[in-house]
Every structure is written in C-alpha cells, then in structure tokens.
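Beneath this line is the structure, given in structure tokens, with notes to follow.
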Protein chains: 2
Amino acid sequence: MTQSKTDPRILRTRKLIMDSFIELSGKKEFKDITIKDITTEAMINRATFYYHFEDIYDLLEKVLSEVLLINLNGDSYEKGELNEGTFVSIFSAITNFQTSLSNRCHRGYEDTIARIIREQLEIIFYKMLLKQRPSENKQALNTAAVMLSWGLYGASVEWRRNSRTISPEEFIKPVIPYITHGMKTGLP
Amino acid sequence: MTQSKTDPRILRTRKLIMDSFIELSGKKEFKDITIKDITTEAMINRATFYYHFEDIYDLLEKVLSEVLLINLNGDSYEKGELNEGTFVSIFSAITNFQTSLSNRCHRGYEDTIARIIREQLEIIFYKMLLKQRPSENKQALNTAAVMLSWGLYGASVEWRRNSRTISPEEFIKPVIPYITHGMKTGLP
DNA sequence: TCTGTTTTGTTGTTTATACAACACATCGGA
DNA sequence: TCCGATGTGTTGTATAAACAACAAAACAGA
C-alpha cells in the first residue's frame, strides 16, 4: 500500500475497476451492481478486486475521492484556496456523482453513500484548511471541515429535492459568499 | 502459445502493445519507432514486449494480421467467400495500413514490410480458398494464394504511384471481376 | 578510427493477476 | 418453512508482468 501506486499493473487494474464501476453506475442503480458485474466489465478476476478493495463501499470511497480530486483545479487545491471555484467544482462533482449513481429511493444504501460522501468531503476540506492555515488549532479546523462537509452535502440534498430545476452551479453560487466571508456580511 | 490467448492478462497486454504501435505509426515513420517508444506508450515493461513478440517485425506481422481480420466481414470470411466485398475490404485495409505506416522512401524497411504484407495476405487467401474448395489440390490453392497476394500488393504499389488520386475502393473495384470471374470474361 | 550513447535482446527475481475451490450469507420462490 | 440459486469474501497455486542488470549490436559524432 506504500509504494504500490507506482507499479503500472496496480495503476492499470485500479483504473479498469473504477472506470467499470462508473460505467455501470450510469446504467443501473447502485444496489443492483455486484462485484461480479464490475469485474466482468473490467475483464479482471473477481479475486483481484479484493486485492485492491475491501468491498464495494471501499471502491465507492476511492472512486468518489478520485472524482473530487480530478474535478478540482490542481493549483487551487495545492494552495488550499477555498475560493468560489473550489466550492463550485466540489458541489458539481458530488451532484454529478449522485446523479450517476441513480440512487433515488433506497434508504439503506443512501445512508451509507451519504456517509461516504461526507467523509470524503471532510478529508478534502481538512487538507485544504490545513494548507491555508497551518498554525491554526487543529481541532477547530477539523470541526470546520466536518461542518463544511455536512453543509455541502445538505445543499446537495436540497438541490435534489428541488427536482434539479436549476444547475448545481447556479444553485450553489449565491451562497458561497456566506461560506467564504461569513454569515454576518454575506459579501465578498 | 496454445491456450495462452484465453488469459485476460495476455489479451490486455497484446492489445496495449498493438494499439500503441498503431498510434505511434500515425505520428512517426516506422524506422523511427523503437521498442522503448512502444512500451512507454503502452505503459508496459520492455521485457514484457519480448515475452509476446520476437521483435518489431513480429509485432508488425501480428498487427497487420489483426487489421486484416477485423476489417473483413466475419460471415464472408468464415464461409471463404472471395467476393467483391472481401477484396475491397482487404485492399482498403492494406492501403490504410501502409499509409499509417508512412513509410515513404526507406528502401530497406519497405522491402521487409512488403514481404510481411504479402505473407499475411497469402495466409488469409489460402485459408479462404481452402474453405471454398476443400477438395481442391492443395498445391494449386497455395500457388493461387501466392499469386493473389503478390497481385494485390502490386495493385497497392500502383495505387500509391498514382499519388492516391482516387480512393482505394474506386481503384480496385473495376478489376475485381477479372479476379473473381477470370481474365477471359472479365464479367460477373 | 575511436568513443560515448542508444537500442536491442536476454536472464533471474519479485510481485500482481488468474483461476479454481471453498465456506458462508442473502434472497426469492415452491 | 425450506431449498436452490446467487453473491460475498478468502485461500492456495500457477502464470504473467515488472524490474534491474547485463552483454552485444547499432549508431552518432569527434
């Protein structure tokens, strides 16, 4: 798990698995996707799946993490810039991700997926906050990351509740000043 | 080499190598393509190349064989139908292949490539003739295949000599009746 | 010509993947 | 309820791929 990322075989296989999962997510609901489906689509052995991922939720985690990082502007992320573009990118990524998962009405799975999304959001926000303010109280940064992850996830729930009448970008942009510049001003 | 074709790892790796070679053929001349170029593009180890192919000419052979078989209509090939469509497909395939190799003026390589193309054509024609006439004298069928391969390759040389003023299909179609129905009639 | 550089093939060892077999869990229908 | 079928997760072994190191050939330039 340490230097394993450099072995081309590992990179290839993980990409095959992740891409197959994303592909299948567009075709059927999450609850109907089996490990066998994924490995068949990826043309790899089922045992190989378990070499890389604990289970399908572990895969979901890592796919989400990938999706979030890929959609983020590399520069902004490296610098920990929590600006408008960053929030828009992250919000778009999670709404797209949820839409492609097409998990509409399955409570049991939705809870797990929601938790995974919040966890990954929290990880990213914490890393970026840490880069932005390395000397700050870590406990405070962690709590801030937790609140951001719950808040942004909640916004995505609200966006879906509104039947996707406007784009994710339009939906999230107006509120970003409140996040970046505080509730008192709500202005950049 | 016997059942090796069924191992997914082998199929994957060979496809990666072949696709990379085809990709590189479009960018630079054959003589400038090194094994290292191919394996780098394919993201596989150089030693793995030699596990599958003897050298770059062996690869060329197998790529050409693939290209020819893929472009052939599966049905016609299975039945050994040497009809107009078959000849057009094969002729288009080899002209496209040569164009993508972009081997314009390098005599030494051109001879080797020409030999490989003729050999692969001969193999395909012999197989199809054998299916069409299983009871025929094998020596005669072999010689017929040799003549067809030389003839069709010669036609491709002539087509290039004419600076590709017409499409390969237009170029070869008028002469096909002479092949399929003989020189005496030249009519279907 | 000589010399340093690149490319070609090869070999031995380590690591990842394929595959088959297994126990167990889950689930839908008789 | 039971039962067959399907999915999950694990294990042992065979094989392919990665990697590093090597000698020899091909090559470019002084």
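In the text below, chain A, chain B and the rest are named by the order of the sequence lines, each starting its count at 1. None of the values given here were measured: they were computed from a predicted structure.
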**Prompt:** Roughly, in whole Å, what's the span from CG in B:Asp58 to P in C:dG9?
**Reply:** 11 Å
**Prompt:** Does A:Arg12 or A:Lys36 map to a spot on DNA chain D nearer the 5' end, using the closest nucleotide for each?
**Reply:** A:Lys36
**Item:** Atom-to-atom span, CD1 of A:Ile44 to P of D:dA16 - whole angstrom
**Value:** 18 Å
**Asked** Do the side chain of B:Arg9 and the base of D:dA17 come within less than 3.5 angstrom through a donor-acceptor pair of N or O atoms?
**Response** no
**Asked** Is B:Glu119 paired with B:Arg115 through a side-chain N to carboxylate O contact shorter than 4.0 Å?
**Response** yes
**Asked** In whole Å, what is the span from the CG atom of A:Asp37 to the P atom of D:dG7?
**Response** 7 Å
**Asked** B:Asn45 has an atom CG; how far is it from atom C1' of C:dT11, in whole Å?
**Response** 13 Å
**Request:** With axes from five pairs an end, tell me the bend angle of the helix from C:dT1-D:dA30 to C:dA30-D:dT1, nearest 10°.
**Result:** 40°
**Sub-4.5 Å side-chain heavy-atom contact between B:Lys138 and B:Leu130** = yes
**Prompt:** Do the side-chain N or O atoms of A:His52 get closer than 4.0 angstrom to the phosphate oxygens (OP1, OP2) of C:dA16?
**Reply:** no
**Message:** I need the CD1-C1' distance between B:Ile17 and D:dA16, as an integer number of Å.
**Reply:** 12 Å
**Item:** d(CZ, B:Phe30; P, C:dT7) in whole Å
**Value:** 15 Å
**Message:** With a cut-off of less than 4.0 Å, is there a side-chain N or O of A:Thr13 near OP1 or OP2 of C:dT17?
**Reply:** yes
**Request:** Might you point out which heavy atoms bring A:Tyr153 and A:Ala114 nearest each other, and give the distance in Å?
**Result:** OH-CB, 3.1 Å
**Prompt:** Rounded to the Å, how far apart are A:Ile56 CD1 and D:dG9 C1'?
**Reply:** 13 Å
**Out of D:dC19, C:dA18, C:dA16, whichever nucleotide has its closest atom nearest the side chain of A:Asp7** = C:dA16
**Prompt:** Are A:Lys62 and A:Asp58 close enough for a salt bridge, meaning some N to O gap below 4.0 Å?
**Reply:** yes
**Residue A:Ala47, side-chain heavy atoms: nucleotide from C:dA20, C:dA16, D:dC19 that is nearest** = C:dA20
**Request:** Figure out the CG/C1' separation between B:Leu59 and C:dT8, and round it to whole Å.
**Result:** 15 Å
**Request:** State whether A:Tyr51 places a side-chain N or O below 4.0 Å from either non-bridging phosphate oxygen (OP1 or OP2) of C:dA16.
**Result:** yes
**Message:** From the set D:dG9, C:dT8, C:dA16, return the single nucleotide nearest to any side-chain atom of A:Asp55.
**Reply:** D:dG9
**Message:** Measuring only between side-chain heavy atoms, which start at C-beta, is A:Ile113 closer than 4.5 Å to A:Ile116?
**Reply:** no
**Prompt:** Side chains of A:Arg14 and A:Glu66: does their closest heavy-atom pair fall under 4.5 Å?
**Reply:** no
**Message:** Does D:dT10 have its OP1 or OP2 closer than 4.0 Å to a side-chain nitrogen or oxygen of A:Tyr50?
**Reply:** no
**Message:** Within the 4.5 Å heavy-atom criterion, are A:Phe97 and A:Leu68 side-chain neighbours or not?
**Reply:** no
**Asked** Charged N to carboxylate O under 4.0 angstrom, B:Glu169 versus B:Lys173?
**Response** no
**Request:** Please figure out whether B:Arg46 or A:Glu54 has its closest DNA chain D nucleotide nearer the 5' end.
**Result:** A:Glu54
